[in-house]
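Please read the structure below before turning to the comments.
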Amino acid sequence: AMEAAASTHSPLRGDVEEENHNLKLRLERLERENRLLKRSLYETNASLSALAERLNLDPPVMNLNAALASVDEADGSLGTSLAKLISNTFDAGVSAPAAFSSGAPRYAYQYDLDPHSGSIYALAFCPSGTLLASASFDTSIRIWENVQQRDEPVMLSGHLALVADLAWSSDSSMLLSASFDHTLRFWDVARRKSVAVHTVDGFAQCCAIKGTEERIGYCGTSTKDLYCLDARAPADYSDGGKFASHTSMINCLAYLADSEHLLAGDATGDLVLWDLRAGRAPLRTISVSPSKKPTSWISLCLPPERDVSRQSLSYAAVNCYDNQLRVYDLETLIRDKEPQPFAVCAGHKNK
């Protein structure tokens with residue numbers, strides 16, 4: 001009876017395994033098609049922008065949702081659908097948003113820089129504006145000395161996993177990198193070599209360099225810790241460089257040189273503010289996303305160095321996974337217990 005049962009179930013098991021195999025093949029095919037689709041849409045949008053520039057037209061607004069929806073038409077041809085979309089865009093005379101109206105800066109696609117073999121996780125111009133650094137899933141860092149000439153970039157290698165973030169020193173001589181290999185590296189850009197390596201617990205997700213002391217860096221990790229690391233100190237000093245612990249993962253950092261404050265964005269949609277002159281306890285926690293979506297990026301707009309009186313306003317733009325970009329006055333953000341953004345920008349649909 002057992003042999004009969006086994007013989008009965010054996011063909012069924014074989015059918016299930018074959019079906020699983022076919023499903024895997026279909027999934028792989030769909031993923032390949034998805035990658036090709038995204039690349040086609042990107043190349044079409046870039047070509048459309050370049051064509052508009054050559055014809056001295058405002059950059060047209062291309063409705064990518066319409067392009068994707070039109071693939072489901074009877075012919076099912078992406079190429080045909082995109083061709084129709086481009087034709088309709090120009091024929092209808094669709095104008096760009098007000099920001100691209102006469103008198104405003106106009107931007108057009110020029111060329112690709114394609115040095116990496118994996119996704120790029122971070123881009124950063126140095127403060128002097130002469131160097132551009134990129135960090136990638138392929139574990140390398142590339143530095144261009146002349147982006148417009150598209151010269152071969154310098155490659156910095158040493159990390160063993162994806163490089164998640166980069167930070168420049170204010171004199172553009174030092175680069176700090178944070179990696180998922182649990183390390184933070186200080187790079188001497190002129191010598192093209194790593195001058196200090198520090199190990200942290202968890203993934204090193206973000207980093208910042210202290211502007212007044214070029215060799216001190218901060219790092220936020222997936223284990224909810226904030227590190228303060230010195231390029232001149234041994235990597236094994238007593239506390240391992242751990243500066244403070246938080247209640248959730250730290251996704252992004254920004255150092256405020258004028259006021260000696262550090263801003264950290266976490267996985268629960270909050271900003272945490274430290275006054276580095278007052279010790280390791282955070283000054284306050286600021287709720288950014290009401291839906292508690294992760295904070296993913298902080299970008300600072302600071303007065304130029306030539307503005308000695310510092311009369312220009314300073315801003316912090318904070319991005320969250322709720323598809324909204326919130327802009328704060330930096331002075332208010334530091335001073336008030338419950339600062340509110342003076343602008344909330346919406347429009348993106350995917351984090």
Side-chain angles (χ1 to χ4, degrees), residues 97-101 103-107 121-129 132-133 165-172 176 205-212 217-218 220 226 250-278 282-349 351:
F100 290 98
S101 60
R106 295 173 60 188
Y107 302 94
Y121 280 78
L123 282 172
F125 276 101
C126 69
S128 67
L132 172 65
D165 199 14
L166 299 169
W168 286 94
S169 62
S170 60
D171 63 359
S172 302
L176 181 63
Q205 302 197 129
C206 51
C207 59
I209 284 186
K210 190 173 183 179
T212 55
Y218 292 91
L226 178 67
I250 300 175
N251 294 334
C252 49
L253 288 174
Y255 175 73
L256 315 180
D258 284 353
S259 59
E260 290 285 309
H261 285 80
L262 188 71
L263 268 177
D266 70 14
T268 62
D270 290 339
L271 284 179
V272 186
L273 181 67
W274 277 273
D275 185 340
L276 300 178
R277 300 160 299 185
L283 189 62
R284 70 177 63 91
T285 298
I286 303 157
S287 178
V288 176
S289 172
S291 57
K292 309 303 290 183
K293 298 294 185 181
T295 303
S296 58
W297 194 256
I298 304 169
S299 183
L300 302 180
C301 175
L302 302 174
E305 291 185 3
R306 62 179 179 273
D307 182 8
V308 180
S309 63
R310 286 297 196 258
Q311 292 300 309
S312 302
L313 294 177
S314 302
Y315 303 103
V318 182
N319 180 60
C320 290
Y321 277 11
D322 59 6
N323 301 327
Q324 293 188 339
L325 182 70
R326 296 167 175 86
V327 184
Y328 295 84
D329 174 78
L330 207 49
E331 183 179 345
T332 302
L333 188 65
I334 295 171
R335 183 190 63 223
D336 294 357
K337 290 186 177 180
E338 296 182 1
Q340 298 299 314
F342 71 83
V344 178
C345 310
H348 289 293
K349 301 299 182 184
K351 303 177 182 178

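Numbering of residues begins at 1 and proceeds along the displayed sequence.
- Minimum heavy-atom separation, G217 to L176: CA-CD2, 3.8 Å.
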*asked:* Go through it in stages, so that I can follow the logic: the residues are T285 and D266, the test is side chain to side chain contact (heavy atoms under 4.5 Å, CB included), and I'd like the CA-CA distance, side-chain angles, deciding distance and then a yes or no.
replied: CA-CA 10 Å; T285 298; D266 70 14; 5.5 Å; no
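- The heavy-atom pair separating C206 from D165 by the smallest distance is CA-OD2, 3.3 Å.
- Nearest heavy-atom pair, W168 versus P127, reported as atom, atom and distance to 0.1 Å: CB-CD, 3.6 Å.
- The residues E338 and R284 are annotated as not salt-bridged, no charged nitrogen and carboxylate oxygen being separated by less than 4.0 angstrom.
- Ion pairing between K292 and D322 fails under the 4.0 Å rule for side-chain N and carboxylate O.
- Smallest separation of non-hydrogen atoms from P339 and I286: CG-CG2, 3.8 Å.
- If you take CD on Q324 and CG on N319, they are separated by 10.0 Å, rounding to the nearest 0.5 Å.
- Side-chain atoms of Y328 and Q340 form no donor-acceptor pair, as typed in the model, at a separation below 3.5 Å.
- Although no hydrogens or angles enter the test, the distance criterion places no donor-acceptor pair under 3.5 Å between the side chain of R277 and the main chain of E260.
- The CD1 atom of I334 sits 7.0 Å away from the CG atom of L263 when rounded to the nearest 0.5 Å.
- Counting heavy atoms from C-beta outward, L226 and L253 have side chains that approach closer than 4.5 Å.
- Across all their heavy atoms, C252 and W297 have their closest contact at SG-N, 3.6 Å.
- L262 has its side chain within reach of Y255: a pair of non-hydrogen atoms, C-beta onward, lies under 4.5 Å apart.
- Put simply, the side chain of S172 gets close to the backbone of S128: a donor and an acceptor are under 3.5 Å apart.
- Between atom CG of residue L333 and atom CG of residue L256 there is a gap of 8.0 Å, rounded to the nearest 0.5 Å.
- Between C320 atom SG and L271 atom CG the span is 7.5 Å, to the nearest 0.5 Å.
- To the nearest 0.5 Å, atom OH of residue Y315 and atom CG of residue L330 are 10.5 Å apart.
- Nearest heavy-atom pair, Y218 versus L276, reported as atom, atom and distance to 0.1 Å: OH-CD1, 3.3 Å.
- A donor and an acceptor atom, one from each side chain of N251 and T295, are nowhere located under 3.5 Å apart.
- Rounding to the nearest 0.5 Å places CG of L283 at 5.0 Å from CG of L273.
- A donor-acceptor pair under 3.5 Å is absent between the side-chain atoms of E331 and the main chain of S314, judged by distance alone.
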